[in-house]
Number of protein chains: 2
Amino acid sequence: MTGTLAQTQRPGPSRRPTRQRKALAAVLAGTSEFRSAQELHQLLCAAGQSIGLATVYRNLQAMATEGEIDVLRVDDGEALYRACRTEEHHHHLVCRECGRTVEVEGPPAFEAWSDQVSAEHGFRDVTHTLEIFGTCSAH
Amino acid sequence: MTGTLAQTQRPGPSRRPTRQRKALAAVLAGTSEFRSAQELHQLLCAAGQSIGLATVYRNLQAMATEGEIDVLRVDDGEALYRACRTEEHHHHLVCRECGRTVEVEGPPAFEAWSDQVSAEHGFRDVTHTLEIFGTCSAH
DNA sequence: TTATGTGCAAAGGGTTTGCACTCCG
DNA sequence: CGGAGTGCAAACCCTTTGCACATAA
């Protein structure tokens, strides 16, 4: 979950609503699963869209930087992407079989606990990762 | 954090206390920082040890499988390794500057919360990742 | 027009693997 | 001796980048 701090920056690509960017956004908007860049690329191609893999990567990176999508790193080092429903800070309950994801709030007083533990050990500027992985009812 | 479920399996390498394996274990035992495989390899070489990078990877993988060390995936996809102090389940407070790490317990009733949220959405066999990243007092 | 975005293919960086050789047991 | 472990280099995979061409504004 990359910092998720960036806002209205304008580095990399994507400000211009190109055909490719819109198609990618549409696919992301239409799924509740975390998907890899390569999967998204395949989905687009399968849907008849013509788009380069590099373009998918560049747009995903830009969308992530602008906080439009969430990024998740899985065990094998692959990055998975998904459009956030809520703007606010949240966590995920992810199916390890199909990637289906539910956005959830953290446990009660989680932020407070995090701040306290960090302070106790002299750590500052803290961020955290908290995700739950399981097998959903469909599997 | 690979499943961390494996136990007394005996696939990959490392059961035999070879010179290389012992040297790697020694370095891991002597540091409280999460280190990448490449860093560990460099440390070993710098210490006058002769060891192949592949051997480092193979042993780290084996040690992780057997639960002897913790694995952490960072944002750029790199895997970091560290010898656990406690056998029990725990989380980490990691300095993003130097890798210095403190083992911490999860927030109160964290497991219960996780189980409840999972159950509510029909997920089973759940695991979770919960780590805090910050800057330690030395930086 | 013109900066921004795209495509392709090559380059990167971390990690894994095939195979012959070494060494522990 | 005999198989587990090692080293090296090639192979892999995901991701990024250089550069010429296309395109939204």
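Note: hydrogens, waters and symmetry copies are ignored here, and every other heavy atom, side chains too, is used. Everything numeric in this text was worked out from a predicted model, so none of it was measured. First the proteins, then the strands, lettered A, B, ... as listed; each starts at 1.
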Sorted by position of nearest nucleotide on DNA chain C, 5' first, the leading residue of Y57(B) and I51(A) is I51(A)
Nearest-neighbour nucleotide for the R58(A) side chain, dT15(D), dC19(C), dC19(D) considered: dC19(D)
Residue met sooner reading DNA chain C from 5', once A54(A) and A54(B) are mapped to nucleotides: A54(A)
Pair E131(A) + R73(B): basic N to acidic O under 4.0 Å: no
Indicate the atoms forming the closest heavy-atom contact of A37(A) with Y57(A), along with that distance. CB-CE2, 3.4 Å
Inter-end axis angle, the helix from dT1(C)-dA25(D) to dG25(C)-dC1(D), with every axis fitted to five base pairs (rounded, 10 degrees): 30°
Is there a side-chain hydrogen bond (donor to acceptor under 3.5 Å, both in side chains) between H128(A) and H89(A)? Walk through the geometry before answering. CA-CA 11 Å; H128(A) 57 253; H89(A) 180 65; 3.0 Å; yes
With a non-hydrogen cut-off below 4.0 angstrom, is S36(A) in contact with a base, only sugar-phosphate, or nothing? nothing
Could you state the CD-P distance from Q20(A) to dT4(C), rounded to the nearest angstrom? 17 Å
Does the side chain of T18(A) get closer than 4.0 angstrom to OP1 or OP2 of dT6(C) through an N or O atom? yes
Between atom CZ in R21(B) and atom P in dC24(C), what is the gap in whole Å? 14 Å
Heavy atoms from C-beta onward define the side chain here; which of dG5(D), dG14(C), dA3(C) lies closest to that of R16(A)? dA3(C)
So, taking the atom named CD in E87(B) and the one named CD in E68(B), what distance separates them when rounded to the nearest 0.5 Å? 9.5 Å
Roughly how many Å is it from CG in L60(A) to P in dT16(D), rounded to a whole number? 10 Å
Roughly how many Å is it from CG in D75(A) to P in dC13(D), rounded to a whole number? 18 Å
Provide, to the nearest angstrom, the distance between the NZ atom belonging to K22(B) and the C1' atom belonging to dC23(C). 12 Å
With the side chain of T55(A) defined as its heavy atoms from C-beta on, choose the nearest nucleotide among dG7(C), dG7(D), dT16(D). dG7(C)
Are L53(B) and L44(B) connected into the same hydrophobic cluster when the rule is that any two of I, L, V, M, F, W, Y join if their side-chain heavy atoms are below 4.5 Å apart? no
Should Q61(B) be listed as having a side-chain N or O under 4.0 Å from OP1 or OP2 of dT16(C)? yes
Exercise: identify the closest heavy-atom pair between V94(A) and G99(A): CG1-O, 4.0 Å
Whole angstroms only, please: what is the CG-P distance between D76(A) and dG13(C)? 20 Å
Could you tell me the separation between the CG atom of L53(A) and the C1' atom of dA11(C), rounded to a whole number of Å? 15 Å
Starting at atom CD of E78(A), determine the distance to atom P of dC12(D), rounded to an integer number of angstrom. 18 Å
Run the salt-bridge test on E103(A) and R82(A) with the 4.0 Å N-O cut-off and return the result as yes or no. yes
